Student: 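Structure below; questions to follow.
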Amino acid sequence: MSYNHIDIEKKWRDFWEKNETFKTDVWDFSKPKFYALDMFPYPSGVGLHAGHPEGYTATDIVSRMKKMQGYNVLHPMGFDSFGLPAEQYAINTGNHPAGFTKKNIEYFKNQLMMLGLSYDWSKEISTSDESFYKWTQWIFKKLYEDGLAKRVDMPVNWCEELGTVLANDEVIDGKSERGGYPVVRKNMKQWVIDIPKYAERLLANLDNLDWPESTKEIQRNWIGKSVGAHVRFKVDKHDESFVVFTTRCDTLFGATYCVLAPEHVLVKKIMSEEQKDSVLAYIENCSKKSDMERTELNKEKTGVFTGAYAINPVNNKLIPIWISDYVLSTYGTGAIMAVPAHDERDWDFAKKFNLPIIEVVAGGNVQEEAYTNTATGKLVNSDFLNGLEVADAKEKIIEFLSEKGIGEKKVNFKLRDWVFSRQRYWGEPIPLVKCEKCGFVPLEDKDLPLELPEVDSYMPTDNGESPLAAMTDWVNTTCPCCGGPAKRETDTMPQWAGSSWYYLRYTDPHNTEALASKEALKYWLPVDWYNGGMEHTTLHLLYSRFWHKFLYDNGIVPTKEPYQKRTSHGMILGENGEKMSKSRGNVVNPDDIVTTYGADTLRTYEMFIGAFDLSASWSEDGVKGCRRFLERVWKLQELVTEEEGYSKELETKMHQTIKKVSSDFENLKYNTAIAAMMALINDFYKRGSVTKGELKTLIVLLNPVAPHITEEMWQKLGFEGRIYETTWPEYEEAKTVESTIEIAVQINGKTKGTIMIGKDDPKDDVIAKAKEAVADKLTPNIIKEIYVPGRIVNIVCR
RNA sequence: GGCCUUGUGGUGAAAUUGGUAGACGCGCUGGACUCAAAAUCCAGUGGUAGCAAUACCGUGUCGGUUCGAGUCCGACCAGGGCCACCA
């Protein structure tokens, strides 16, 4: 009766599939629900890597436990199937990416099934399916109708030789990754989504989520709220003005110059004849630099005087206007007032170009040594602000500026518009047409989905448009509004689009009338637990929270937030402690482990390897250890006695183990849950027998981790029905406490011995016993006796 | 440079959240079984000293709070991650 994982796992895998064991009735609202979601994978050609099973097993464990605890559990899986690798494949081979994608999905799905994951495959989705992206397009249309999707001129990476726009990671050192051609920054029309409009809510609602504090903090930093003011400066001798954003409006008297971003629209209007050449040369130079270069070369400030002067609105002094790339066109207003006395960057710049430095918050040697970063202090050299504390000065100056109509309080966010168009083929077509008369007009709902047409070439066109632009038959259409001639938008959506709302679709994946029915959404939202990789903690979560809030505002979803609890599993590193990669030669293929040791062993191992949210190195010996554990569980069948309940001597241990395993599963502490089960079977072996009742409890507790072997044992031991139909073991709190316990006796905080006590022994008895136990080490002068019930006795003496 | 995170035996890691540091696994050592090996089972396993009971030391470093600190506070050191001229 040896443990043959290959036959056992195949038997139950086939059984579960055939019987649709894990199919969820999403309309059964009679039970409490639990929605356990995994970040769906991109179906790359290489299949699952060793890291995938970690997160998937974790959510699977909780899903299986919750089912046995009486919840209606939704545990679906799907594929984020639009994206670049399939596009590259299409470009390289000339084949349609759909076939390639379909093949990869099949491969992935097969691998996932081999792991014994309890997914409800009847709810599988794929973002590149028409029936799915119909609703992605529908949401985009709504965003457009509500004015949140806009077309704006914005700087992009443009490569003249390749004739295309490139993403940031396709540009290396200012040159195209492919070919090494120069890339410049150029303004082009792009579709963007106005996510900053939701910045305040995206920030505020983080507080109530059950997310790791570090994840929330990353989101907060990304949103980057800062409270400051707008101040308007007039330009001397020109009928022009510009606005700066500052968080330190109290230092306005210390502003000795202004700086505009090189791209600022005013620059070319106000530059003087003498400065014109150098200004234009500087702008030209900047446009050649990639973002990387602009930020990496931050050692030395560069800049050029425009020849124009601004008027400081508080004292009417003329201050020079410079341009420099240390001012970003994309943040704030693209213009700053420079206060070198109290800002590091301004100080560096002023020193380099010999600009005056005026201290306005007392303390420090700002002329010679360094700027002072003064969050508190008293104002000087500031006329009516003199003597005020920084905080008071801020209020007073804002009052002053508001009254004069030259400034106001202003909140700024780092969060920028979400660039939403891609000049690519393998993405959702944007469902708009451009009509000469009506402008951009969305398609009618009945015309969705707008399907991706077949194209002749998957390469972008010569002028940086998507391959769709070459399909004139498809592009030329009629306006849904006036019926006149119109052209389709040829950009597609980014890969973020489908993943921003896919979790909604699982609740009702075959709905043709809506993205999901209201009743289903009302019952299933929010997702109770969402696990995914660390790499998605910023953008994906932000984008999908934003879409969710937008849908909430439109009455489509019933909750303000999509994911109540979010976790991220750690990475699984190679045996040498480095990230797994082909080039390092340390890749572990989960298929091999499943074949050699079994899916149950792999699942157990990945859960036992360490803390769930920390990275861990692979260890083949560790895998063997987990296999040995399952073998020992299997062999318990030879030690089983006919006794149904728990034996007297292990009763407490049984109740403790149920308690620990249940709460550890809930709290993602899989490693210690498994350790507790190992300890339990060690006790069975020590005794040489196990009762039927004890073994029954053990295999139910172990079932979420190792579903195949426990299902087989359940059947072999002759228990009723299937293990997945049983209920989760319960424990009695009173029975988890030992009647006699060993506690430590300390003298002055150092452990000197132990005593056995009854759990309800009175304090005086315990202390007396403790003193007896360490009598030879006590000194006569006892100052204090401390008894922490059930824990420790500490005797303080001199 | 900013923010986050981690630092515990030979090794992966535990520690009821301030109460016997090292559970559980791996490895190693010794033993049983075997002609032998593998597998399996049993025992041991933080360091130093000792035949031993035992004693002292021990959670990155230095200080602090406390009857008591791996856990709390302050400073520092090292590894990992994210952001990075954000006015």
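First the proteins, then the strands, lettered A, B, ... as listed; each starts at 1. Computed from a predicted structure; not experimentally measured.
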Student: Less than 4.0 angstrom between a side-chain N/O of A:Lys579 and OP1 or OP2 of B:rG81, yes or no?
Tutor: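 The answer is no; no side-chain N or O of A:Lys579 sits under 4.0 Å from OP1 or OP2.
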
Student: For B:rU5 and B:rA53, measure between their C1' atoms and round to the nearest Å.
Tutor: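 Nearest-Å result for B:rU5 against B:rA53 at atom C1': 46 Å.
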
Student: Measure the acute angle between the ring planes of A:Phe242 and A:His264, then classify it against the limits of 30° and 60° as parallel, tilted or perpendicular.
Tutor: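 Geometry flag for A:His264 against A:Phe242: perpendicular rings.
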
Student: May I have all residue pairs that pass salt bridge (Lys or Arg N to Asp or Glu O under 4.0 Å) and include part of residues 781-796 of chain A, sequence neighbours excluded?
Tutor: A:Lys771-A:Glu785

Student: Below 4.5 Å, heavy atoms only, C-beta onward: do A:Thr601 and A:Ile593 meet side chain to side chain?
Tutor: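 A:Thr601 does not reach A:Ile593 side chain to side chain.
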
Student: Any chance you could list the contact pattern along nucleotides 27-34 of chain B? Use B for base contacts, S for sugar-phosphate-only contacts and - for none, protein heavy atoms under 4.0 Å, 5' to 3'.
Tutor: S-------

Student: Taking only residues two or more places apart in sequence, or in another chain, which ones meet A:His655 in a ring pair (Phe, Tyr, Trp, His ring centres under 6.0 Å)?
Tutor: A:Tyr646

Student: Let me know the distance between NE2 of A:His540 and P of B:rC82, rounded to the nearest Å.
Tutor: 18 Å

Student: Return the value, rounded to whole Å, for the distance between atom CG of A:Leu573 and atom P of B:rG12.
Tutor: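 Interatomic distance, CG of A:Leu573 to P of B:rG12: 12 Å.
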
Student: If we take the P atom in both B:rA39 and B:rG27, what is their distance in whole Å?
Tutor: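 About 9 Å, rounded to a whole number of Å.
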
Student: Considering residues at least two apart in sequence or located in another chain, which fulfil the salt bridge (Lys or Arg N to Asp or Glu O under 4.0 Å) criterion with A:Glu666?
Tutor: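 Expected list: A:Lys66.
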
Student: How long is the line joining OH of A:Tyr3 and P of B:rA39, in whole Å?
Tutor: 18 Å

Student: Distance check needed: B:rG68 P versus A:Ile783 CD1, whole Å only.
Tutor: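 Spelled out: CD1 on A:Ile783 to P on B:rG68 is 11 Å.
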
Student: Applying side chain to side chain donor-acceptor pair (under 3.5 Å) as the test, list every pair that has at least one member in residues 614-626 of chain A; sequence neighbours left out.
Tutor: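 As it turns out, the side chain to side chain donor-acceptor pair (under 3.5 Å) pairs with a partner in residues 614-626 of chain A, which skip direct neighbours, are A:Tyr597-A:Glu620.
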
Student: Any non-hydrogen side-chain atom of A:Ile572 less than 4.5 Å from a side-chain atom of A:His49?
Tutor: no

Student: What is the distance from CG of A:Asn748 to C1' of B:rA69, rounded to the nearest Å?
Tutor: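 Spelled out: CG on A:Asn748 to C1' on B:rA69 is 16 Å.
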
Student: For RNA chain B, list all stems, counting runs of three or more consecutive pairs where every pair is Watson-Crick or G-U wobble with both distances under 3.5 Å.
Tutor: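 The stems that RNA chain B takes part in, listed by first number, are B:1-7 with B:77-83, B:10-12 with B:24-26, B:27-32 with B:40-45, B:46-49 with B:54-57, B:60-64 with B:72-76.
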
Student: Taking the C1' atom of each, how far is B:rG79 from B:rU8, in whole Å?
Tutor: 15 Å

Student: Calculate the interatomic distance between A:Lys669 atom NZ and B:rA13 atom P; express it in whole Å.
Tutor: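 Atom NZ in A:Lys669 sits about 15 Å away from atom P in B:rA13.
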
Student: Grab the CG-P distance between A:Asp664 and B:rA15 for me, whole Å please.
Tutor: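 In whole Å, B:rA15 P lies 8 Å from A:Asp664 CG.
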
Student: Could you give the distance separating B:rU34 and B:rU48 at their P atoms, to the nearest angstrom?
Tutor: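 Comparing P positions in B:rU48 and B:rU34 gives a spacing of 37 Å.
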
Student: Between A:Phe245 and A:Ser617, which has a closest nucleotide on RNA chain B that is more 5'?
Tutor: A:Ser617

Student: Find the distance A:Glu620:CD to B:rC26:C1' and express it as a whole number of Å.
Tutor: 13 Å

Student: Mind checking the C1' distance from B:rG9 to B:rC24? Whole angstroms is fine.
Tutor: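 It comes out at 15 Å once rounded to the nearest Å.
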
Student: For A:Ser241, which residues count as a side chain to side chain contact (heavy atoms under 4.5 Å, CB included) partner, sequence neighbours excluded?
Tutor: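 Result, side chain to side chain contact (heavy atoms under 4.5 Å, CB included) vs A:Ser241: A:Arg232, A:Lys234.
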
Student: Pick one for B:rU59: is it syn, with its angle within 90° of 0, or anti?
Tutor: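 B:rU59: anti glycosidic orientation.
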
Student: Establish, yes or no, whether a centroid distance under 6.0 Å links the rings of A:Phe629 and A:Phe608.
Tutor: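 Between A:Phe608 and A:Phe629, which both carry aromatic rings, the centre distance is not below 6.0 Å.
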
Student: Taking the minimum atom-to-atom distance to the side chain of A:Asn682, which one of B:rA87, B:rC41, B:rC24 wins?
Tutor: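 Closest nucleotide to the A:Asn682 side chain: B:rC24.
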
Student: Please list, in numerical order, the residues of residues 412-419 of chain A that have a heavy atom closer than 4.0 Å to any atom of RNA chain B.
Tutor: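 Heavy-atom contacts with RNA chain B come from A:Lys414, A:Arg416.
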
Student: Please compare A:Lys686 and A:Ile674 by the position of their nearest nucleotide in RNA chain B and report the one closer to 5'.
Tutor: A:Ile674

Student: How does each nucleotide of nucleotides 18-23 of chain B score, in 5' to 3' order, for protein heavy atoms under 4.0 Å: base (B), sugar-phosphate only (S), or none (-)?
Tutor: -BBS-B

Student: Would you please classify the geometry between the A:Phe349 ring and the A:Phe353 ring as parallel, tilted or perpendicular, with 30° and 60° separating the classes?
Tutor: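 Taking A:Phe349 first and then A:Phe353, their aromatic rings sit tilted (interplane angle of 30° to 60°).
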
Student: Kindly give the atom pairs (protein nitrogen or oxygen, nucleotide nitrogen or oxygen) under 3.5 Å for nucleotides 2-11 of chain B.
Tutor:
none

Student: Provide the distance between the two C1' atoms, one in B:rA87 and one in B:rG12, to the nearest whole Å.
Tutor: 47 Å

Student: Tell me yes or no: between the side chains of A:Ser226 and A:Asn412, is some donor less than 3.5 Å from an acceptor?
Tutor: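 Short answer, no.
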
Student: Could you work out the separation of B:rG80 and B:rU65 based on their C1' atoms and round it to a whole Å?
Tutor: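 Between the two C1' atoms, the distance is 31 Å.
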
Student: Taking side chain as C-beta onward, heavy atoms only, is A:Lys635 less than 4.5 Å from A:Tyr3?
Tutor: no

Student: Using the P atom as the point on both nucleotides, what is the distance between B:rC56 and B:rG60, in whole Å?
Tutor: 22 Å

Student: Is A:Thr751 reaching over with its side chain to a backbone N or O of A:Gln746, donor-acceptor style, under 3.5 angstrom?
Tutor: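 Side chain of A:Thr751 to backbone of A:Gln746, a donor-acceptor pair under 3.5 Å: no, none is there.
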
Student: Would you call A:Asp207 and A:Arg220 a salt bridge, using N to O less than 4.0 angstrom?
Tutor: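 A salt bridge links A:Asp207 with A:Arg220.
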
Student: Does the salt bridge (charged side-chain N to carboxylate O under 4.0 Å, His left out) test come out yes or no for A:Glu772 and A:Lys769, once each step is laid out?
Tutor: CA-CA 5 Å; A:Glu772 204 181 308; A:Lys769 204 169 183 179; over 6 Å; no

Student: Once salt bridge (Lys or Arg N to Asp or Glu O under 4.0 Å) is applied, what residue pairs with a partner in residues 673-688 of chain A remain, sequence neighbours excluded?
Tutor: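 Listed once each, the pairs are A:Glu649-A:Arg687, A:Lys653-A:Asp683, A:Arg687-A:Glu694.
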
Student: OP1 or OP2 of B:rC41 less than 4.0 angstrom from a side-chain nitrogen or oxygen of A:Tyr685, does that happen here?
Tutor: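 A:Tyr685 to B:rC41 OP1/OP2: no side-chain N or O under 4.0 Å.
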
Student: Which salt bridge (Lys or Arg N to Asp or Glu O under 4.0 Å) pairs, counting each pair once, include a residue from residues 735-753 of chain A, with sequence neighbours left out?
Tutor: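 For residues 735-753 of chain A, and leaving out neighbouring residues, the salt bridge (Lys or Arg N to Asp or Glu O under 4.0 Å) pairs sorted by first residue read A:Glu651-A:Lys735, A:Glu732-A:Lys735.
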
Student: Using a cut-off of 4.0 Å on non-hydrogen atoms, how would the nucleic acid contact of A:Gly332 be classed: base, sugar-phosphate, or nothing?
Tutor: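 Contact class for A:Gly332: none.
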
Student: Heavy atoms only, 4.0 Å cut-off, all strands: where does A:Ser226 land among base, sugar-phosphate and nothing?
Tutor: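 The residue A:Ser226 makes sugar-phosphate contact but no base contact.
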
Student: Indicate the ring-plane relationship of A:Tyr543 and A:Trp418, choosing parallel, tilted or perpendicular according to the 30° and 60° boundaries.
Tutor: parallel

Student: When you measure from the side chain of A:Thr246, which nucleotide among B:rC24, B:rC67, B:rA87 comes out closest?
Tutor: B:rA87

Student: With heavy atoms under 4.0 Å as the rule, sort A:Lys752 into base, sugar-phosphate or nothing.
Tutor: sugar-phosphate

Student: Indicate, with a heavy-atom threshold strictly under 4.0 Å, whether A:Ala611 touches base, sugar-phosphate, or nothing.
Tutor: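 Result for A:Ala611 = sugar-phosphate.
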
Student: Any sub-3.5 Å donor-acceptor pair from A:Asn586's side-chain atoms to A:Glu575's backbone N or O?
Tutor: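 The answer is no, because no donor-acceptor pair under 3.5 Å joins these two groups.
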
Student: Could you tell me whether B:rG9 is syn or anti, where syn means a glycosidic angle within 90 degrees of zero?
Tutor: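 Base orientation: syn.
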
